[in-house]
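Below is one structure, written out as structure tokens, with a few remarks after it.
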Amino acid sequence: MTSDRTMSELFDKIVSLCKQRGIIFQSSEIYGGLSATYDYGPLGVELKRNVKEHWWQSMVYQNDDIEGVDAAILMHPKTWEASGHTEAFNDPLIDDKASGNRYRADELIEDYIRDLRSDGEEEQAADVHERLVEALNAGDDMPEALHAIIMEEEIPAPDSGAFDWTDVRQFNLMFETHMGPLKEEGSRLFLRPETAQGIFVNFRNVQEPTRQHVPFGIAQIGKAFRNEIVARQFVFRMREFEQMEMQYFVKPGTQDEHFERWKADRMEWHRSLGIDPDNLRYHEHEQLSHYADQAFDIQYNFPIGWKELEGIHSRTDFDLQRHAEYSGKNLTYYDPFEQEKYIPYVVETSVGLDRTVLMLLCDAYYEEEVRGDTRSVLRFHPEIAPIRAAIFPLVKKEGLPEIAHDIEADLRKHFNVKYDERGSMGKRYRRMDEAGTPFCITVDFDTKEDNTVTVRDRDSMEQDRVAIDQLATYIFDKSRNWTLE
RNA sequence: GCGGGUGUAGCUCAGUGGCUAGAGCAUCUGCUUGCCAUGCAGAAGGUCGUGAGUUCGAAUCUCAUCACCCGCUCCA
């Protein structure tokens with residue numbers, strides 16, 4: 001109990017630090033904010049870009065058999081019929097006012113029919129079933145038709161036993177929009193609820209020009225949109241979010257070995273970000289999605305509990321099969337070596353970019369007592385830190401700022417750096433600690449004599465004396481070899 | 001969406017019907033300072049989430065609305 005509370009206090013601290021330091025803040029704040037949307041500030045965008053860069057590097061550049069794409073957010077509406085989203089993301093829901101629980105109206109009626117049957121009320125069951133089918137096909141009138149059945153049959157709530165229902169409301173988790181300025185029925189489109197479909201529909205478009213053979217993968221980073229019923233917990237669950245996905249196409253029957261490979265690889269990637277391994281774990285899905293034959297999540301121990309960060313799913317040939325069916329195009333792959341034809345199976349790795357950023361913030365944040373004072377630090381891996389190094393003149397006179405500016409200009413060629421001459425040294429160090437800057441370079445009076453500066457380490461607060469012309473190398477080496485102590 | 005809670009300065013919060021709404025931290029300026037939130041002096045920053053109502057008078061009471069937090073459900 002106490003630990004839950006401290007944990008949520010920690011979460012609050014991170015949220016407020018994000019606002020204060022310009023990392024992440026609520027979107028459209030001056031208009032009162034927009035629910036579950038957040039903007040990345042100057043430091044946040046750097047962090048996010050570094051994460052993307054690191055992912056792209058490890059996926060696309062480190063693997064000869066993985067190609068990148070950047071598909072449009074707007075896709076042909078048939079895409080979502082084929083993927084199953086039009087159906088699966090579209091539920092008629094009803095609330096029990098007594099318990100506050102929510103149910104799917106159609107399932108409620110189905111359960112009711114089952115009960116009638118087991119009570120031997122065959123005739124009534126058949127009648128209700130007929131009306132249910134009718135209601136489900138009533139199009140826009142479906143919610144009202146379902147509600148009418150529940151009211152007429154006086155179906156009580158399964159948990160509370162109460163008969164105190166709200167209206168049946170249609171929840172569509174996909175964002176709707178229109179193609180073209182005229183809002184006609186035929187122009188209705190959706191903002192993609194996942195990036196994966198942009199990869200599947202382009203299977204041929206990527207495979208042919210790149211001359212890739214199965215097994216091979218397609219990677220993509222991009223935005224997706226979902227009208228979540230409950231979108232909360234800072235950037236953990238947003239209505240507009242960014243995914244980093246790789247779909248790996250394999251020969252049917254080999255999916256298990258590839259699944260195991262990616263499952264291991266992806267865990268390793270998170271560790272490479274400097275995340276504490278104790279805060280990462282696998283979680284197997286008990287209930288599989290309509291498209292999957294195996295599904296594991298990688299979870300992170302957020303201050304708000306263990307939560308899903310990445311999904312590794314064995315998606316079978318469901319997606320390609322369906323797109324072949326709905327588009328009428330042949331998506332069969334011909335294996336020139338084995339001289340056989342098949343629709344490839346897919347192993348998917350799909351990680352939330354915003355969740356990764358949140359994980360990094362949570363994992364990096366720590367406080368310690370230094371001389372009776374609290375020091376707050378974001379201990380990012382130096383290679384993903386928003387600012388790699390800060391340059392300070394010890395005092396802002398006697399030529400020190402000029403030397404510091406020269407160093408700044410030189411280091412800018414390699415890293416994102418920041419110059420600061422305001423306030424005391426102590427304050428400047430602490431400011432950079434909160435921004436997660438791993439190195440602070442100070443130009444002092446000795447610099448004028450021997451062209452060396454001090455480099456202060458964020459984590460240990462210890463200083464090294466380094467020659468100015470060795471600074472870039474020093475930072476590169478220290479960054480590459482950085483580990484969580 | 002439903003139930004419960006919250007909304008006052010950039011951040012954390014005090015103020016609960018009555019003078020020009022405050023504190024700490026942060027920010028800015030000047031001096032001081034010479035490697036871990038230094039000291040002194042000063043400044044800026046708020047139509048009290050928004051809108052309406054009650055009242056002689058509203059940050060404070062009422063209603064609506066928006067946002068956030070905690071639970072219920074789903075996912076990246």
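The sequence lines fix the lettering, A, B, ..., with proteins before strands; numbering per chain opens at 1.
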Contact class for [X] vs. all strands (heavy atom < 4.0 Å): base, sugar-phosphate, or nothing?
| X | result |
| --- | --- |
| Ser350(A) | sugar-phosphate |
| Glu245(A) | nothing |
| Phe236(A) | base |
| Ser16(A) | sugar-phosphate |
| Gln299(A) | nothing |
| Asp297(A) | nothing |
| Lys307(A) | nothing |

If you measure from the [atom1] atom in [N] to the same atom in [M], how many Å do you get, rounded?
| N | M | atom1 | answer |
| --- | --- | --- | --- |
| U60(B) | U47(B) | P | 15 Å |
| G17(B) | C48(B) | C1' | 15 Å |
| A43(B) | U65(B) | C1' | 37 Å |
| U73(B) | G15(B) | C1' | 40 Å |
| A26(B) | C35(B) | C1' | 22 Å |

[X] side chain: which of [options] is closest?
| X | options | answer |
| --- | --- | --- |
| Gln243(A) | C35(B), A37(B), A76(B) | A76(B) |
| Val370(A) | U29(B), G34(B), C36(B) | C36(B) |
| Ser424(A) | C68(B), U38(B), G34(B) | U38(B) |
| Lys427(A) | A76(B), C35(B), A26(B) | A26(B) |
| Tyr38(A) | C68(B), A76(B), U27(B) | C68(B) |
| Arg430(A) | C35(B), A67(B), A37(B) | A37(B) |
| Arg237(A) | C36(B), U38(B), A76(B) | A76(B) |

Write down the partner of [N] under the Watson-Crick or G-U wobble criteria, each distance required to be under 3.5 Å.
| N | answer |
| --- | --- |
| G34(B) | none |
| A67(B) | U6(B) |
| U62(B) | A52(B) |
| G42(B) | C28(B) |

When only distance counts, do a donor and an acceptor, one from the side chain of [X] and one from the base of [N], lie under 3.5 Å apart?
| X | N | result |
| --- | --- | --- |
| Arg355(A) | C75(B) | yes |
| Arg375(A) | C36(B) | no |
| Glu308(A) | C75(B) | no |
| Arg226(A) | C75(B) | no |

Round to the nearest Å and state the distance from [X] atom [atom1] to [N] atom [atom2].
| X | N | atom1 | atom2 | result |
| --- | --- | --- | --- | --- |
| Lys19(A) | U27(B) | NZ | C1' | 14 Å |
| Gln233(A) | C75(B) | CD | C1' | 12 Å |
| Leu353(A) | C75(B) | CG | C1' | 16 Å |
| Glu29(A) | U50(B) | CD | P | 13 Å |
| Asp12(A) | U6(B) | CG | P | 15 Å |
| Arg266(A) | A76(B) | CZ | P | 14 Å |
| Arg456(A) | G34(B) | CZ | C1' | 17 Å |
| His283(A) | A76(B) | NE2 | P | 13 Å |

Please figure out whether Gln20(A) or Val235(A) has its closest RNA chain B nucleotide nearer the 5' end.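 Closer to the 5' end of RNA chain B: Gln20(A).
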Measuring centre to centre across the rings, with the benzene-like ring taken for any Trp, is Phe236(A) within less than 6.0 Å of Phe302(A)?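 Yes, the ring centres sit under 6.0 Å apart.
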Looking only at side-chain N and O atoms, does Ser272(A) offer a donor or acceptor that is under 3.5 Å from a partner on His54(A)?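 Yes, a side-chain donor-acceptor pair sits under 3.5 Å.
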Between Phe11(A) and Phe234(A), how do the two ring planes meet: parallel, tilted or perpendicular, split at 30° and 60°?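 Phe11(A) vs Phe234(A) ring planes: perpendicular.
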Would you say Phe241(A) stacks on A76(B), if stacking means ring centres under 5.5 Å apart and planes within less than 30 degrees?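 By the stated criterion, Phe241(A) and A76(B) stack.
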